[in-house]
Amino acid sequence: MNHCFVRSISIGILSLVMLTSIGCSKLTSENYDELRIGMAYEAVVDLLGKPDSCEGTVGFKNCTWGDQKRYINVKFGGNSVVYFSSKGI
């Protein structure tokens, strides 16, 4: 195979993978708008996927989806949403 052809195929595959991963992000304003006070932890995970981080103390949990530049943060009391916020979505 010639190197130009292989290079073109490689760039095409890389582009497709990048577009697919961007398109699959659950950090969207539409998903954020679906969050509700009182929503169960399991329902939030169904909506946003597994959180990137969670910290908890007795009866409370603070979970974040995303990173410092772009995130959705949800605070749970027991198993229910008590507060949520976002940045960069």
Side-chain angles (χ1 to χ4, degrees):
M1 274 190 197
N2 98 28
H3 293 290
C4 272
F5 179 73
V6 172
R7 183 189 218 173
S8 295
I9 294 295
S10 298
I11 290 172
I13 290 171
L14 180 60
S15 298
L16 183 62
V17 167
M18 288 175 62
L19 286 173
T20 302
S21 66
I22 291 169
C24 292
S25 175
K26 293 188 174 195
L27 290 180
T28 65
S29 59
E30 292 82 12
N31 282 347
Y32 180 80
D33 291 343
E34 294 292 321
L35 293 172
R36 298 287 179 258
I37 300 297
M39 200 173 192
Y41 173 80
E42 293 80 13
V44 175
V45 170
D46 286 345
L47 179 66
L48 300 176
K50 182 180 174 187
D52 293 301
S53 67
C54 271
E55 298 174 359
T57 58
V58 179
F60 293 93
K61 186 173 8 183
N62 182 27
C63 297
T64 301
W65 288 259
D67 57 33
Q68 291 180 342
K69 293 182 181 181
R70 185 171 184 255
Y71 64 79
I72 294 175
N73 179 261
V74 182
K75 293 177 178 18
F76 297 89
N79 193 42
S80 300
V81 173
V82 294
Y83 176 81
F84 53 94
S85 62
S86 69
K87 178 180 176 185
I89 60 165

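If you read the sequence from its start, that first residue is 1, and numbering goes on from there.
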Donor-acceptor contacts under 3.5 Å from residues 58-66 side chains, at least two apart:
residue	atom	partner	partner atom	Å
Asn62	OD1	Asn73	ND2	2.9
Asn62	OD1	Lys75	NZ	3.4
Thr64	OG1	Asn73	ND2	2.9
Trp65	NE1	Gly49	O	2.6

What's the shortest heavy-atom distance between [X] and [Y], and which atoms?
X	Y	result
Val82	Gly77	CG1-N, 3.7 Å
Ser25	Arg70	OG-NH1, 3.6 Å
Phe84	Val74	CB-CG2, 4.1 Å

> Do Ser53 and Tyr71 come within less than 4.5 Å of each other through their side chains, counting heavy atoms only?
Replying inline: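 Answer no - side chains too far apart.
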
> Mind checking what makes side-chain hydrogen bond (donor to acceptor under 3.5 Å, both in side chains) contact with Glu55, not counting sequence neighbours?
Replying inline: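 Testing Glu55 for side-chain hydrogen bond (donor to acceptor under 3.5 Å, both in side chains), a comparison that skips the adjacent residues, returns none.
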
Donor-acceptor pairs under 3.5 Å, side chain of residues 27-35 to any protein atom, not counting sequence neighbours: which ones?
residue	atom	partner	partner atom	Å
Thr28	OG1	Asn31	N	3.0
Asn31	ND2	Lys26	O	3.0

